[in-house]
Peer 1: 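Following this message is one structure expressed as structure tokens.
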Amino acid sequence: MLVRRRIEDRIIARQSTSRYLVGIDLGTTHTVVAFADLKAAGATAIRLFSVEQLIAPGAVAARPLLPSVRYHPTAGELAAADVRLPWDFIDPGAVSDSVLGELARERGSRAPGRLVASAKSWMSHAGVDRMAPILPWGAAEGVARVSPVMATASYLAHLVAAWNHRFPDHPLERQDVVLTVPASFDEGARVLTVGAARLAGLSEMRLLEEPQAACYDWLHRHRADLAADLGDARLLLVCDVGGGTTDLTLIQVEPGEVEPRLTRIGVGEHLMLGGDNMDLTLARTVEARLNGARLNAGELSQLLQQCRNAKERLLATDAPERATVTV
């Protein structure tokens with residue numbers, strides 16, 4: 001079956017039961033949501049969903065990306081009005097006054113040992129109990145902790161609440177939802193991801209491997225001249241370098257009567273290599289300039305977030321000449 005036709009058939013089949021087809025890219029460092037209105041003319045038009053989130057104490061704004069992080073403040077650090085959202089939010093991790101999104105990332109870059117980050121990488125780490133409250137990793141005594149599963153559930157729960165606030169007549173849990181996972185995720189990590197989604201209220205969703213999603217996106221963008229763009233190619237190698245992992249998928253291209261037929265024939269080994277490693281390298285480089293001082297786990301986590309923020313600013317379209325990192 002042709003990949004493009006499969007997508008179109010899926011859209012048609014869901015038109016009678018769901019208003020929207022929603023894709024959630026649950027990333028290691030950022031989460032993004034896209035959707036298509038199945039009832040509108042030109043239902044294949046894809047739009048990004050801007051996620052409302054705290055960007056400063058007491059300030060909420062919609063952003064195209066939701067940073068996949070959460071911050072656990074000290075007692076009295078933030079007032080109730082500082083963390084109030086436009087909806088009632090129940091944290092699956094059961095941490096009082098926890099903060100998600102941009103404000104969490106900003107606070108975590110200044111306060112060591114209180115930021116939960118890279119939960120997705122921990123979800124695939126078979127060497128730890130992924131259901132146990134182990135994050136923030138290296139946090140001091142007295143700091144509230146959550147499991148990688150609960151952290152993931154909290155990001156998805158935030159998306160559900162933000163979506164339902166914007167589309168109250170079409171709640172996310174009643175839409176056709178696709179959730180992406182690394183192709184190299186083992187069965188355990190996939191089961192835990194589904195469990196996190198159910199904790200967030202998404203009892204019905206389908207998993208889609210990220211390299212395949214990237215391939216679908218490429219097909220969609222090149223649909224007008226697909227045969228010409230593929231030319232004589234008989235293999236496609238999709239390289240998905242993400243925040244925490246790198247996924248490689250090999251796709252076979254076969255001639256078809258109308259369009260080429262695409263079949264996945266290989267998946268690479270699980271590579272824990274991505275943007276997190278670049279951030280850690282930057283942090284270790286900064287640490288090496290501290291005249292022999294060694295940072296503890298909480299301090300290193302704080303520095304890591306500052307290096308990540310600096311990296312993203314320097315790689316942005318309107319990048320400054322330099323970015324300052326403070327230890």
Side-chain angles (χ1 to χ4, degrees), residues 24 26-27 29-33 48-119 133 135-137 139-173 196-197 199-202 298-299 301-306 308-310 312-313 324 326:
I24 301 175
L26 182 62
T29 54
H30 293 90
T31 295
V32 64
V33 180
L48 285 179
F49 175 72
S50 293
V51 185
E52 288 189 275
Q53 57 194 280
L54 287 161
I55 60 171
V60 175
R63 295 287 189 262
L65 299 174
L66 175 71
S68 303
V69 295
R70 48 181 291 147
Y71 178 73
H72 298 172
T74 60
E77 178 181 347
L78 294 168
D82 292 336
V83 297
R84 185 173 296 128
L85 291 163
W87 53 79
D88 292 330
F89 180 70
I90 300 176
D91 177 18
V95 175
S96 178
D97 297 330
S98 60
V99 180
L100 281 70
E102 277 197 14
L103 177 59
R105 185 173 62 175
E106 188 274 331
R107 287 273 164 164
S109 68
R110 296 191 284 115
R114 292 188 170 273
L115 187 74
V116 175
S118 303
L135 302 176
W137 188 258
E141 281 294 324
V143 175
R145 290 178 171 84
V146 295
S147 69
V149 171
M150 287 300 184
T152 302
S154 69
Y155 309 146
L156 292 172
H158 184 98
L159 293 178
V160 171
W163 174 281
N164 292 351
H165 179 70
R166 180 172 171 185
F167 299 112
D169 295 331
H170 305 284
L172 188 57
E173 57 270 24
L199 287 170
L202 298 175
E299 292 167 337
S301 175
Q302 177 192 19
L303 177 59
L304 187 68
Q305 295 309 313
Q306 291 205 39
R308 174 175 295 163
N309 294 343
E312 291 177 359
R313 290 201 304 273
T324 301
T326 303

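Atom set for the values below is all heavy atoms of this structure, side chains included, hydrogens, waters and symmetry mates excluded.
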Peer 1: Which atoms form the tightest heavy-atom contact between Pro171 and Asn164, and what is the distance?
Peer 2: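 Here Pro171 and Asn164 meet closest at CA-OD1, 3.0 Å.
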Peer 1: Charged N to carboxylate O below 4.0 Å: is that the case for Glu312 and Arg105?
Peer 2: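 Yes, this pair counts.
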Peer 1: If you define the side chain from C-beta out and look only at heavy atoms, does anything of Val99 sit under 4.5 Å from Leu54?
Peer 2: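 Side-chain contact under 4.5 Å: yes.
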Peer 1: Mind running side chain to side chain contact (heavy atoms under 4.5 Å, CB included) on Ile24 and Leu202 for me, showing each step along the way?
Peer 2: CA-CA 12 Å; Ile24 301 175; Leu202 298 175; 4.2 Å; yes
Peer 1: Is the shortest side-chain heavy-atom distance between Pro67 and Gln53 below 4.5 Å?
Peer 2: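 Pro67 vs Gln53: side chains touch.
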Peer 1: Do Leu100 and Arg70 make a side-chain contact, defined as non-hydrogen atoms from C-beta onward lying under 4.5 Å apart?
Peer 2: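 In contact.
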Peer 1: Tell me, with the steps shown, if Arg166 and Trp87 meet side chain to side chain contact (heavy atoms under 4.5 Å, CB included).
Peer 2: CA-CA 10 Å; Arg166 180 172 171 185; Trp87 53 79; over 6 Å; no
Peer 1: For a side chain to side chain donor-acceptor pair (under 3.5 Å) check, start with the C-alpha distance between His30 and Arg63, then their side-chain angles and the critical distance, and finish with the verdict.
Peer 2: CA-CA 11 Å; His30 293 90; Arg63 295 287 189 262; over 6 Å; no
Peer 1: Phe167 vs Phe49 aromatic rings, parallel, tilted or perpendicular, using cut-offs 30° and 60°?
Peer 2: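 Phe167 vs Phe49 ring planes: tilted.
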Peer 1: Could you pull out the closest heavy-atom pair between Val51 and Ala162, with the gap in Å?
Peer 2: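 Where Val51 meets Ala162 most closely, the heavy atoms are CG1-CB, 4.2 Å.
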Peer 1: Grab the two heavy atoms, one from Asp91 and one from Ser154, that are nearest each other, plus how far apart they are.
Peer 2: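 So the minimum-distance heavy-atom pair works out to OD1-CB, 3.6 Å.
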Peer 1: Among His72, Glu102, Glu77, which one satisfies side-chain hydrogen bond (donor to acceptor under 3.5 Å, both in side chains) with Arg107?
Peer 2: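 Between Arg107 and the candidates, side-chain hydrogen bond (donor to acceptor under 3.5 Å, both in side chains) is satisfied uniquely by Glu77.
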Peer 1: Mark yes or no for whether Asn309, through its side chain, and Glu106, through its backbone, hold a donor-acceptor pair below 3.5 Å.
Peer 2: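 Absent.
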Peer 1: Is there side-chain contact between Val32 and Pro64, with at least one heavy-atom pair below 4.5 Å?
Peer 2: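 Side chain of Val32 against side chain of Pro64, heavy atoms only: no contact under 4.5 Å found.
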Peer 1: Between atom OH of Tyr71 and atom CZ of Arg110, what is the distance when rounded to the nearest 0.5 Å?
Peer 2: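 It is 7.5 Å, given to the nearest 0.5 Å.
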Peer 1: Ignoring hydrogens, what is the shortest heavy-atom contact between Ala196 and Val149? Give both atom names and the distance.
Peer 2: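 Residues Ala196 and Val149, closest heavy atoms: CB-O, 3.7 Å.
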Peer 1: Looking at every heavy atom in both Ala117 and Arg308, which two are closest together, and how far apart are they?
Peer 2: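 Looks like CB-NH1, 4.3 Å.
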Peer 1: Taking all non-hydrogen atoms of both residues, which atom of Ser68 and which atom of Tyr155 are closest, and how far apart?
Peer 2: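 So the minimum-distance heavy-atom pair works out to O-OH, 3.3 Å.
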Peer 1: List the steps and the verdict of side chain to side chain contact (heavy atoms under 4.5 Å, CB included) for Leu85 and His158.
Peer 2: CA-CA 10 Å; Leu85 291 163; His158 184 98; 4.2 Å; yes
Peer 1: Can you check side chain to side chain contact (heavy atoms under 4.5 Å, CB included) on Glu173 and Val160, steps first, answer last?
Peer 2: CA-CA 8 Å; Glu173 57 270 24; Val160 171; 3.8 Å; yes
Peer 1: For the atom pair CZ (Arg84) and CG (Asp97), what is the distance rounded to the nearest 0.5 Å?
Peer 2: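 Going from CZ on Arg84 over to CG on Asp97, the span is 11.0 Å.
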